[in-house]
Amino acid sequence: MRVRRQKMEALRAKGIDPFGHRFERTHHAREIVDGFQMFEGNTVRIAGRLMAMRSHGKATFADLLDLSGRIQIYAKLDQLGDEAYELFTSLDIGDIVGVEGKVFRTRRGEVTVEITRFDLLSKALRPLPEKWHGLADVDLRYRQRYLDLIVNPEVREVFLKRTAIVRAVRAFLDSRGYIEVETSAMHTIPGGATARPFITHHNALDIDLYLRIALELHLKRLIVGGLEKVYEIGRVFRNEGISTKHNPEFTMLELYEAYADYTDMMNLAEDLIHYVAVQVLGQTRVEYQGAVIDLTPPWPRKTMVEAVRERTGVDFDAIESDEDARAAARRLGVEIDPAASRGKALSEIYEELVESTLVSPVFVMDHPIEISPLAKKKADDPRYTYRFELIMGGREMANAFSELNDPIDQRERFEAQVALRAQGDDEAHRMDEDFLRALEHGMPPTGGMGVGIDRLAMILTNQNSLRDVILFPTMRPRK
RNA sequence: GGGCCAUUAGCUCAGGUGGUAGAGCACCGGACUUUUAAUCCGGGUGUCGCAGGUUCGAAUCCUGCAUGGCUCACCA
């Protein structure tokens, strides 16, 4: 680093600005390499970061990296003259240069740009990580993601794919007539999910505000307002543990459609994810951590009771009391709160023993009412709700229901949650009078769905850690 | 939060049983006009994560702490 600073000073002394200005490019590296026949002998202007230098005395090869990839450049003393050639050889790996030159192919067959002139656009004062092994230390990869992106090309691919996924989701929903909206990220009452919120403070109003834990309740207000089909792709914040599967801030898609129900949402989920896979991957079979997941619709639909019965042999249709349900859980080795209700026991068994075994996409439907305070209860069996979770790769990808639009029922559900909160469940939902008022104005029957964008990106890019699909995952500050 | 593991040069890593720190890449100097993990010659650039302890002597053994990873728990 000391040496690089000296080089920088030397450049300044010669009247060369080591941090240059705009450089007009004609092409990206990839275009030239792929379309060599069209470019041979032509003059092109490219720019990027020097990734390798191979000096041979009076001729020097280097690799230039831009967004599209790498291309070899070639500096020759005869062509550049003494001064410019010496300047070129004094460049460091990591420096950002703009190059003008002629396209040719070397003896070894490599498409190369022979430099006729070049500009130093930015001096790199710090060295890049090792060229062959790249950057392996995960801590450094996440803290200095820019280095990860420069040095590890597969990392860049993952994030470009993530962008393509989000773009495809938008294109799909837009084509279906959904209206994209932005709702507030700071809430006076955090609602729409069971999670601990982050708290912040507004000085002028002198009130605490919460970063949103879900998008749900505000989007439903827009359904009340007659927007009929809305969606939002937005960051939500949950003040909980950090792991390879959890980041305090993550990206949710939520969408709501008036006059629809959860069966419509199942169809939509199939169409959406199928569309995204085809757009981004060009296929519907994805390899995920050694398993192959076939995304070709339709996907099986089974109730949670059926899923538990298939996996464990325990038939909740034959279980009536809370006590029998808890006993069933204990027989299966599932730890259970001695006060747990029948529905709670069912969902505990499902989550503990069943969910992680579901690799191919499957809709698990009809969740117990106790764990579904925003879903409409089933007309033929009020112990359950019109709800489903889409599971693939053993993990929840989407959560949807026929939305509860009965304000009386909704108030009772909130009251039940508030009672849980009073018993110490600090993740239970809170009473939200403002939302209830909206429902009291009348919300049409509505189907709604939430999709974890990060998890979808994990599946479609075959990444095992959420941090590998989030550019800047939450880290402890470095000391 | 529990358990296990890791932390040594800019990066990737090696350093049985305690004896004063090494390699490759990168970097610096030299040779080389079609190389490509270029090659050849010469050069080691370090708070061995931090703080204590044991010892004549600690990268190495012990304790605590910090950061990260895996995993369990929690968290839909």
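Below, chains carry the letters A, B, ... as their sequence lines are ordered, and counting in each starts from 1.
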* **Contact nearer the 5' end of RNA chain B, comparing Arg108(A) with Leu135(A)** => Leu135(A)

* **Nucleotide G10(B), atom P - distance to CZ of Arg126(A) in whole Å** => 11 Å

* Remember a base hit wins even if backbone is also touched, and classify Glu355(A) as base, sugar-phosphate or nothing at under 4.0 Å, heavy atoms. => nothing

* Asked: Who does C70(B) pair with, Watson-Crick or G-U, both distances under 3.5 Å?
  -> G3(B)

* Asked: Which salt bridge (charged side-chain N to carboxylate O under 4.0 Å, His left out) pairs, counting each pair once, include a residue from residues 69-80 of chain A, with sequence neighbours left out?
  -> Asp63(A)-Arg70(A), Lys76(A)-Glu114(A)

* **Lys/Arg N to Asp/Glu carboxylate O, Arg25(A) vs Glu31(A), below 4.0 Å** => no

* Got a sec? Which of residues 230-241 of chain A come in under 4.0 Å of RNA chain B, heavy atoms? -> Glu240(A)

* To do: Give, ordered by number, those residues of residues 455-466 of chain A having at least one heavy-atom distance below 4.0 Å to an atom of RNA chain B; if nothing qualifies, reply none.
  => none

* To do: With sequence neighbours excluded, tell me which residues meet ring-ring contact (aromatic ring centres under 6.0 Å, His included) with Phe88(A).
  => Phe118(A)

* Name all residues meeting the ring-ring contact (aromatic ring centres under 6.0 Å, His included) criterion together with Tyr262(A); count only those two or more places apart in sequence or in a different chain, and write none if there are none. => Tyr386(A)

* Asked: How would you list, by chain and number, every residue that makes a ring-ring contact (aromatic ring centres under 6.0 Å, His included) with His28(A), sequence neighbours excluded?
  -> none

* Asked: Roughly, in whole Å, what's the span from CZ in Arg143(A) to P in U67(B)?
  -> 9 Å

* To do: Report the C-alpha separation of Lys245(A) and Leu466(A) in whole Å, then their side-chain angles, then the decisive distance to 0.1 Å, and conclude whether the side-chain contact (heavy atoms from CB on, under 4.5 Å) test is met.
  => CA-CA 5 Å; Lys245(A) 311 283 182 282; Leu466(A) 201 60; 5.7 Å; no

* Test for a donor-acceptor pair under 3.5 Å between the base of U35(B) and the side chain of Gln72(A), counting only N and O atoms. => yes

* To do: Return each pair, listed once, that meets salt bridge (charged side-chain N to carboxylate O under 4.0 Å, His left out) where at least one residue sits in residues 344-363 of chain A; pairs must be two or more places apart or across chains.
  => Lys344(A)-Glu348(A)

* Sort out the partner of G42(B) for me: Watson-Crick or G-U wobble, both distances under 3.5 Å, none otherwise. => C28(B)

Polar pairs (N or O, both sides) under 3.5 Å between protein and nucleotides 2-9 of chain B?
none

* Indicate, yes or no, whether a donor-acceptor pair under 3.5 Å links the base of C11(B) to the side chain of His133(A). => no

* Structure fact -> Sequence neighbours excluded, the answer for side-chain hydrogen bond (donor to acceptor under 3.5 Å, both in side chains) partners of Lys123(A) is Asp92(A), Asp95(A)

* Asked: How long is the line joining CE of Met51(A) and P of A26(B), in whole Å?
  -> 12 Å

* Structure fact -> pair_partner(G16(B)), Watson-Crick or wobble, both distances < 3.5 Å, evaluates to none

* Asked: Pairs in or reaching into residues 359-377 of chain A: which pass salt bridge (charged side-chain N to carboxylate O under 4.0 Å, His left out), with residues at least two apart or in two chains?
  -> Asp366(A)-Lys378(A), Lys377(A)-Asp409(A)

* If the P atom of A58(B) is compared with that of C75(B), how far apart are they to the nearest Å? -> 48 Å

* **Minimum-distance pair of heavy atoms, taken over all atoms of Pro361(A) and Leu295(A)** => CG-CD2, 3.9 Å

* For nucleotides A9(B) and G22(B), find the distance between their P atoms and express it as a whole number of Å. => 14 Å

* To do: Indicate for each nucleotide in nucleotides 27-33 of chain B, in 5' to 3' sequence, whether protein heavy atoms under 4.0 Å reach the base (B), only the sugar-phosphate (S), or nothing (-).
  => SS---BB

* **Pairing residues for His56(A) by the ring-ring contact (aromatic ring centres under 6.0 Å, His included) criterion, not counting sequence neighbours** => Phe61(A)

* To do: Report yes if some heavy atom in the side chain of His218(A) is under 4.5 Å from a heavy atom in the side chain of His187(A); otherwise report no.
  => yes

* To do: Spell out yes or no: do the side chain of Arg107(A) and the base of U34(B) have one donor N/O and one acceptor N/O closer than 3.5 Å?
  => no

* Kindly point out which of C75(B), U35(B), U12(B) is positioned nearest to the side chain of Glu130(A)? => U12(B)

* From Leu211(A), Leu215(A), Ile213(A), residue fulfilling side-chain contact (heavy atoms from CB on, under 4.5 Å) relative to Val236(A) -> Leu215(A)

* Structure fact -> Checking N1-N3 plus N6-O4 or O6-N4 for Watson-Crick, or N1-O2 and O6-N3 for wobble, each under 3.5 Å, the partner of U63(B) is A51(B)

